[in-house]
Amino acid sequence: MTPQELASHLARILADIIAERGEGAAEGGDRSGTGAAATGIEVTEADTAVERPKNREHGDWASNAAMKFAKRIGANPRELAQEIASRVAGIDGVAKAEVAGPGFINITLDAASAGETARRIVEQGAAYGTGDSLRGERINLEFVSANPTGPLHMGHTRWAALGDSISRVLRAAGAEVTNEYYINDAGAQMDKFGRSVLAAALGEDTPEDGYPGEYISELGRKVIAEQPDLPDLAAVDRGAALELAQELAYRQQLAEIKDSLERFNVHFDVFFSERTLHAPGDLVGDDSGDRAPSPIEAAIDRLREQGHVFEDHGAIWVRTTDFGDDKDRVFTRGNGIYTYFAADAAYYLSKKDRGFGEKIYLLGADHHGYIGRLTAIAGAAGDDTEKDITVLIGQLVNLDGARLSKRAGNIIELDDLLEWLGSDALRYWLARYPADSPLALDGEKLRSRTNDNPVFYVQYAHARTCAVDRNAAAAGVDRSAFAPELLTHETEAELLGKLQEYPRVVAGAAELREPHRVARYLEELAAAFHRWYDNCRVIPQGDEPVEDLHRTRLWLNDAAGQVIRNGLDLLGVSAPERL
RNA sequence: GCCCCGGUAGCUCAGUGGAUAGAGCACUUCUCUCCUAAAGAAGGUGUCGGAGGUUCGAUUCCUCUCCGGGGCACCA
């Protein structure tokens, strides 16, 4: 019996009771309806979800449904709880159901009923924990989106780890997710980047307000290596040389960013170029030589048709205040050039046109001023500002005692962190805190291989399950028997309970976009596994014979390993078979 | 001035209205002739920043307030 099944039973029982009481009231002459529907009170499984009590004396699972519904149906909470409990006790697989406190229903399962979970998990394998709570949703998840004018640094690292894990969790809940990276490859920053690289390639001083950093010099060398006649070109046509250098450096830098992300086990489905938003459309078909408007122009036209665009002082504005923004925003500057925000608007429409329902933006706290205007664009585009757009704001990362980058001055690069700490430790640490929680990287802790470092604690538990598996094979313990009623040790009940919680943890993490819940869960699961391991042997000692208990425990060991693997995968962390 | 996010054990932090608020670290003491001791067991800590309110019940929701961080561009 899983907690989901238990919740389902509870919902049915509660609905029955409400219906019966409704009939009783009707006989009294107050009402004419029959059944739960007639009372207007609906019971869903969410209402009757059971939780794992902190105190083991409170049974395997507890429900507060009686307290939730007592008032609405005019019943005494404890009496209602008692009525529910007496019916729950009759369910096959339930050992007992008791009322406690103000109206909690504490339920204890038969060992066999709980133990059945182990086999189910093994049979479902990697699919255990996946669900369909977000089935049918097409989600666009944009994160990192760092300018392609330099290497990824620590500021991007948290969003890379978090975004990729959010994506995995959403997919586990059945959503169709596209991971997207917006490349700011148009505008002044790119010009500055190009001038800096060209200067470096030609051996000139860094231009005023150009980019500093050793990586610019490296890019300059790479550009020269690829295009040795660049200095000659620069001598005759500086503009052409600049364009060429900028383009080569951009491609090189973007390729390096992609490499870094892959090493970090972070995958993007789409790299979306801002330039494509500025580019004119195709030739129109009337031989005039005219072109269709660029996506930005088209976007402004569309918003104008919706009545949200106006002109003032020679600039084009969008009335975002209609949708709760602090102030209206401009699309064109005085010199006629489109603002960054105009591209943002066109980009949003692109996402909408590509069929995405919810668009999620993962931004740093320094961008929190963007919430209002992005939400307003969603509204202006005719979307539901509650459901179709989500802006997740995360706090920034501090690093204590970090080594500084050798290449880029004060910037700490993702590549340096990877080399120093390793992908697993880094990803796990960054994913185990809520996005809005301040987070500090402690290099010493992340390099340590003790309880200090939770990723090793979890990975060790997994490696242990693998070691048990190997040793069981050698000792002649196989899977030829499965007798769940033998799993009666209290650490086995605890471990089984934890394993049963996993699907709901994944669903909750997806619903709230909080993958840290998976990490915290894994730590609890690992602890339950370690305690079980210390108390219950899978392999007989000495000359003891192999019994069904050992074979059944092997199934439980397999199940624990499977769930740890599944969970770590959601975080993009490996599950080694040996440490 | 306005907006956002924090404030929970000595430290770092969990805790989407429920029972005695938890974990790791730090400190003390135990447990490997037996599946990985990178583990387990035992030991104690809290005005959940403060004050009101909603509720059968508030660390959780609302209002005010104190402290800390961030943000309020015709920049990108």
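All chains are named by letter (A, B, ...) in the order of the sequence lines, taking the proteins before the strands, and each is independently numbered beginning at 1. Note that the coordinates shown come from a computational prediction; the quantities given were computed from them, not determined experimentally.
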How far does the C1' atom of B/G22 sit from the matching atom of B/A9, given to the nearest Å?
-> 10 Å
Ring centroid separation A/His530 to A/Tyr460 under 6.0 Å = yes
Distance, C1' atom - from B/A58 to B/G15, rounded to whole angstrom | 13 Å
Do any N or O atoms of the protein come closer than 3.5 Å to N or O atoms of nucleotides 57-63 of chain B, and which pairs are they?
none

With both distances under 3.5 angstrom, what nucleotide forms a Watson-Crick or G-U wobble pair with B/G1?
-> B/C72
Can you pull every protein N or O that's under 3.5 Å from an N or O on nucleotides 4-6 of chain B?
| unit_1 | atom_1 | unit_2 | atom_2 | d |
| --- | --- | --- | --- | --- |
| B/C4 | O4' | A/His368 | NE2 | 3.2 |
| B/C5 | O2' | A/Asp436 | O | 3.0 |
| B/G6 | OP1 | A/Asp436 | OD2 | 3.4 |

Check: A/Phe143 ring centre within less than 6.0 Å of A/Trp159 ring centre = no
Counting heavy atoms from C-beta on, name the nucleotide in B/U16, B/A14, B/U36 closest to the side chain of A/Leu512.
-> B/U16
What is the nucleic acid contact for A/Gly369, judged by heavy atoms within less than 4.0 Å: base, sugar-phosphate only, or nothing?
-> sugar-phosphate
For the residue pair A/Leu495 and A/Arg531, establish whether any side-chain heavy-atom pair is separated by less than 4.5 Å.
-> no
Residues 550-560 of chain A vs salt bridge (Lys or Arg N to Asp or Glu O under 4.0 Å), sequence neighbours excluded, gives A/Asp478-A/Arg551, A/Arg479-A/Asp558, A/Glu492-A/Arg553, A/Asp548-A/Arg551
What nucleotide, of B/A37, B/A38, B/G15, holds the atom closest to the side chain of A/Tyr533?
-> B/A37
Which salt bridge (Lys or Arg N to Asp or Glu O under 4.0 Å) pairs, counting each pair once, include a residue from residues 56-77 of chain A, with sequence neighbours left out?
-> A/Arg56-A/Asp60
Is the NZ or CZ atom of A/Arg373 positioned over A/Phe323's six-membered ring, under 6.0 angstrom from the centre and within 45° of the axis?
-> no
Show every donor-acceptor pair shorter than 3.5 Å between a side-chain atom in residues 308-316 of chain A and any protein atom, with sequence neighbours excluded, or say none if there are none.
none

What about A/Asn535: does its side chain form a donor-acceptor pair under 3.5 Å with the base of B/A41?
-> no
Roughly, in whole Å, what's the span from CZ in A/Arg72 to P in B/G17?
-> 16 Å
Write down the distance between CG (A/Asp326) and C1' (B/C74), rounded to a whole number of angstrom.
-> 17 Å
Calculate the interatomic distance between A/Tyr521 atom OH and B/G24 atom P; express it in whole Å.
-> 17 Å
Are there any protein N/O atoms within less than 3.5 Å of an N/O atom in nucleotides 25-33 of chain B, and if so, which ones and at what distance?
| unit_1 | atom_1 | unit_2 | atom_2 | d |
| --- | --- | --- | --- | --- |
| B/C25 | OP1 | A/Asn451 | ND2 | 3.3 |

Starting at atom CD of A/Glu51, determine the distance to atom P of B/A19, rounded to an integer number of angstrom.
-> 8 Å
cation_pi(A/Arg432, A/Trp429) dist<6.0 Å, angle<=45 = yes
Can you tell me the distance, in whole Å, between the CG atom of A/Leu439 and the P atom of B/C13?
-> 8 Å
Determine whether the aromatic ring centres of A/Phe193 and A/Tyr250 lie less than 6.0 Å apart.
-> no
